[in-house]
Structures are given as C-alpha cells and as structure tokens.
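Contents: one structure, followed by commentary.
Since the structure is predicted, the reported quantities are computational estimates derived from the model, not experimental observations. Both ligands and their constituent atoms are indexed starting at 1 by order of listing.
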Amino acid sequence: MIPLERLRRGLRRLGDVPLSVKLLGVILGIILIGVLVSTALLNQLTKEQFARFNTLRTLTYAPTLVPLFADYYARFGSWEGIERLLGEDLDASQAMRRMHEWMMRDHTMSPEMMAYMIIAMYDVMLADGEGRIVLDPDRAYLGQRVPVRVLERAGIPIEVGGRTVGWLVSATALSLFNPLEQEFLRSVQRSILVAALAAGTIALLLGGLFLRQVIAPLRRLDEAARRLAHGDLSQRVPVHARDELGRLAETFNEMAARLQRSEELRRRMIQDIAHELRTPLTVIQGNLQAILDGVFEPTPETIASIHEESLLLSRLIHDLRELSLAEAGELPLHKQRVDLREVVRRAATAVQPRLEAKGVELRLELPEEPLPAEIDPQRIRQVLLNLLSNAERYTPEGGRIALRAERRGGEIRVSVSDSGPGIPPEDLPYVFERFWRGDKARTRSSGGTGLGLAIAKQLVEAHGGKIEVESAPGRGATFMFTLPLAAGSPGASDAPDSGSGSESESESESKEAPSALRSA
Ligand code: ADP
C-alpha cells in the first residue's frame with residue numbers, strides 16, 4: 001500500500017517535468033534496454049553457437065573414439081588407467097611431435113594414436129557414467145563432476161552392454177574455453193559492443209530529431225494559446241502536417257478564428273445597439289430641449305412626433321430582446337399542429353386593409369389540400385407579417401404582392417413576392433443581418449429597425465426551416481421560407497434533418513401528435 005502511494009506521488013511529480021525531458025528519458029531508456037538486451041543475447045548466442053560447433057566437431061570423430069573407449073571399458077570394467085591407453089603425456093603441444101615420430105617409425109596410425117590426436121587437439125574430455133571427468137588432456141578438470149543432464153545435451157554417450165558407462169564431451173561444449181578460444185570470443189564480444197553502441201548512437205540521433213519535430217509545434221501552440229488567453233485573438237499557428245499535431249494546430253486556428261469572429265460581432269453589435277438607441281433618443285431630447293427653451297410650441301403635433309420616436313425606441317428594445325432570445329435558442333415556442341393555410345390566410349386578412357388603402361393588390365395562392373405543420377402559429381404569423389409589411393413598404397401604388405404556400409417534397413414552402421424595386425445583388429447577402437438596412441434614412445423614417453428579417457430568420461430556423469431571398473433590381477423581391485411537414489402526414493419526412501436549435505423539441509412534440517391529420 002505504502003510503496004503504491006509513493007509510486008503514485010512520484011508519478012504525479014513526474015507530471016511537472018517538461019515533456020521533452022520525459023520523452024528523451026523514454027527514448028534513452030528504450031535504447032539502453034535494447035543495447036543491453038541485444039548485447040547480452042548476442043554474447044550468449046555466440047558462446048552457445050561456438051560450443052555447439054565444437055560439439056559437432058567432436059561428433060564427427062565419435063565413430064573413431066567411441067568403439068575404442070567402449071572396448072577399453074568392456075575389457076577392464078572401469079575407466080581406471082585410461083590415460084595410459086593414449087600414452088603418458090597428453091599434451092596438445094606434443095601431439096604434433098609424437099604424431100611425426102609415429103609416422104616416421106611405422107608409417108601407419110593406430111586407432112589409439114588417432115584417439116590421442118583428436119583428444120589432444122580438440123580438447124575432448126571423457127566423463128564416467130556419473131559425470132566425473134576421468135580423462136582431460138589439460139588435466140585441469142580431472143575428477144570434477146559435470147551434471148549428467150548437461151552431458152546428455154552436449155556429450156556423446158559410450159554404451160557397454162546397454163548401459164551408458166561414459167561420455168565424450170568437448171571442453172568448449174561445457175563453456176570451458178582454452179585461452180585461444182577465449183580470445184576469439186572476446187573479440188566477437190567487442191565487435192558486438194561496438195555495433196550496439198553505434199546503433200544506439202544512431203537511434204539517439206534519430207530520436208532527438210523526432211523529438212524536435214514533436215516538441216516544436218507543441219511549443220508554438222503553447223505560446224499562441226498563452227497569447228490568445230491574454231486577449232490577442234489574431235494568434236494562429238502554422239500547420240505543417242496532417243497528423244494529430246497538425247489537426248490540433250488546425251483546431252486551434254479554427255477556435256481562434258471563431259473567437260475572433262464572435263468578438264468582432266459582439267463589438268459591432270454593441271456599437272450598432274448604442275447607435276440605434278441614440279438616434280431616437282437624440283431626437284426626443286432635442287425636441288424636448290427646444291420646447292423647454294421656448295423654440296418649439298408644445299403643440300399636439302410636436303408631442304406626437306416625440307411620442308412616435310419613443311414608440312420606435314421601445315419597439316427597438318422589444319425587437320432586440322426578441323432577437324437575442326431567439327439567437328440564444330431561448331425563445332419559447334408553443335408548437336401545435338395546424339393547417340398552415342389558415343395561418344397564411346389570417347396574416348393576409350390582417351394586412352389586406354392597409355394594402356387596399358395603398359392601392360396594392362394582394363394575390364393569395366393556396367393549395368386545395370391542407371398543409372399540416374407542427375409550429376407556433378403566433379411566431380410564424382410574426383414572420384409572415386414582417387415579410388408582408390416589408391413588401392408593402394417597398395411596393396409602390398398600383399403594385400402587386402403574391403403570397404403563396406405549397407407543399408414541396410417533405411416540406412412546406414411559403415413565399416412573399418412583391419413588384420417593388422427589388423434588392424441590388426451586392427446587398428442580398430446582408431438582408432438577414434441585424435441592423436442592416438438598404439436605405440437607412442428612408443427605412444428609419446418609416447419605422448424600420450433593421451431587425452425584422454434577422455428575427456424572421458431566427459424564428460424560421462427555430463422551426464427547422466430555412467429562409468432565403470431572391471431578387472433582381474427592378475423586378476421585385478421574393479422572400480421564401482420552408483417549414484417541415486408535420487410528422488405522420490403523407491409525404492412528411494418523419495426525421496427532419498435540418499440543423500435548427502429546437503429540432504429536438506419539435507421532434508419530441510411531433511411524436512406525441514395523433515396521426516389523424518388528414519381530417520385537419
Ligand atoms: P427594416 O426594419 O428596415 O425593414 P428588415 O430586416 O425587415 O428591416 O429589412 C432589412 C432591409 O432589407 C431593409 O432595410 C431593406 O433594405 C431590405 N428589404 C427587406 N425587404 C425588402 C423588399 N421586399 N424589397 C426591397 N428591399 C427589402
């Protein structure tokens with residue numbers, strides 16, 4: 001428990017160490033482990049292979065040696081005096097001389113002579129059945145015991161009467177190397193070490209390069225994020241790669257751009273609001289001041305004009321509140337299933353007297369079959385009235401306004417077209433922006449706040465629809481918006497895929513609704 005706690009604390013403290021140091025540590029650790037393990041393994045492998053080589057070599061001569069020794073054992077019943085079989089001085093350095101003498105004398109080589117040669121030159125030892133060394137050309141290991149399982153693996157058994165009475169085994173097979181062999185092994189080990197160190201150094205260099213590649217963009221990102229946090233929203237970082245770091249940099253840039261955009265919008269909006277509120281206030285103040293100074297008579301007309309400005313002011317404040325609620329997705333929608341034709345018809349009736357008075361014809365085009373929709377009728381009426389009053393404002397006497405509603409695929413399409421002057425193409429992208437007005441002086445004098453279309457857009461989108469405008473200068477303007485058909489009605493797509501804020505709300509409500517809409 002306590003070491004675990006200490007480990008946890010240690011790890012937590014490791015969190016304070018710079019990432020570059022940690023990664024370097026990991027790379028170094030991996031290289032070190034790799035070098036150590038591979039060196040050790042290679043060393044072991046060389047020794048083993050060398051021993052194996054010697055064992056195999058001994059095995060090559062086994063047919064000559066084994067019968068000779070088996071014969072000796074069968075004759076005497078033990079290994080005693082075995083060295084005498086081969087002559088007194090079992091010495092590798094003397095072997096050549098003795099062989100030479102033998103050859104000169106007899107011109108033949110007895111099996112004993114052959115055995116002597118092999119044993120002396122290849123360091124072959126003889127162990128008895130229990131593994132005790134009974135014959136060793138160097139006499140260094142005479143009498144020592146070698147475990148039988150080692151002999152079973154590395155030695156060649158000598159069998160007499162079906163019993164293993166001894167083993168021939170080379171000294172190297174038991175990892176007992178003579179000085180020459182030791183020197184050979186040492187030089188191999190040195191080469192392995194040099195190779196491992198060289199590989200380690202290259203790995204370290206490559207690791208360092210990689211580390212730089214990882215750490216440098218992180219540092220840049222850290223620096224940029226810090227500046228951003230201190231209010232410099234223009235911070236961006238270069239994106240060099242398409243990997244996770246590259247994506248992180250991209251996301252950072254996107255986030256910074258969004259922050260900057262919304263900060264600009266916020267600033268502009270405050271400026272706009274201040275400006276819009278100031279204008280009617282200035283007019284009211286100016287007029288009142290003039291009355292106080294005795295410049296103006298407080299006639300009913302002057303008071304009426306002051307009253308009108310104050311009405312504009314309160315409408316502006318009302319619209320602003322409505323817009324900010326709608327933009328925040330907090331405008332309550334009281335949705336119900338209605339026939340949209342009804343809502344459209346009522347809006348038309350509401351504006352009809354004013355249009356008639358102005359001498360503008362209103363054409364209403366509605367389909368025969370109902371247009372079932374799951375909407376807040378008050379809000380959609382608000383949108384319609386806004387579009388209609390804009391159309392009225394811009395349509396000259398003798399002009400025409402067409403109000404249409406129809407079913408198109410899985411949605412309802414409503415449009416308001418007028419025969420007014422239309423909107424210049426360069427202005428089209430801005431008409432739905434708050435406070436945007438084509439002709440500032442004229443629209444303000446006619447009571448326009450520049451918020452009507454912005455609110456209409458929010459309301460339509462809150463219903464899961466889209467609003468757009470089409471216009472060519474001199475040929476009038478057409479504003480159209482869509483609304484999803486109520487779920488369950490024929491042709492309706494039951495899962496509207498629009499990106500509106502209140503989508504879930506409309507969906508959940510429409511699920512409860514009865515499907516007896518055809519009777520609506
Ligand atoms: P406003 O309160 O000024 O009408 P809106 O948001 O309703 O604000 O409209 C914004 C601007 O869009 C108007 O000032 C006007 O320039 C333009 N606009 C809107 N409707 C029409 C239309 N039917 N014909 C021409 N221009 C229009």
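Between Phe479 and ligand 1, not a single N/O pair is under 3.5 Å apart. Residue Arg437 has no N or O atom closer than 3.5 Å to an N or O atom of ligand 1. Distances between N or O atoms of Gly450 and those of ligand 1 include at least one value under 3.5 Å.
Looking at Arg227, Arg219, Arg220 one by one, the single match for salt bridge (charged side-chain N to carboxylate O under 4.0 Å, His left out) with Glu223 turns out to be Arg227. For the pairing with Ile31, the side-chain contact (heavy atoms from CB on, under 4.5 Å) check across Val26, Leu36, Leu204, Ile202 returns one residue only, Leu204.
Using 4.0 Å as the threshold, Arg434 has no heavy atom nearer than that to any atom of ligand 1. Ligand 1 lies less than 4.0 angstrom from a heavy atom belonging to Gly422.
Between Asp418, Asp427, Ile455, it is Asp418 that holds the heavy atom closest to atom 23 (N) of ligand 1.
Not counting sequence neighbours, Leu197 has no partner by the side-chain contact (heavy atoms from CB on, under 4.5 Å) test. Scored by the side-chain contact (heavy atoms from CB on, under 4.5 Å) test, Ala326 finds Leu331, Gln458 as partners (sequence neighbours excluded).
More than 12 heavy-atom neighbours from other residues, nucleotides or ligands sit within 6.0 angstrom of CZ on Arg236.
Judged by distance alone, with hydrogens and angles left aside, the side-chain atoms of Arg13 form no donor-acceptor pair with the main-chain N or O of Arg8 at under 3.5 Å.
Within the 4.0 Å heavy-atom criterion, the part of Ile423 lying near ligand 1 is the side chain and not the backbone.
Contact atoms of ligand 1 toward Gly452: 6 (O), 7 (O) (distance under 4.0 Å to a heavy atom of the residue).
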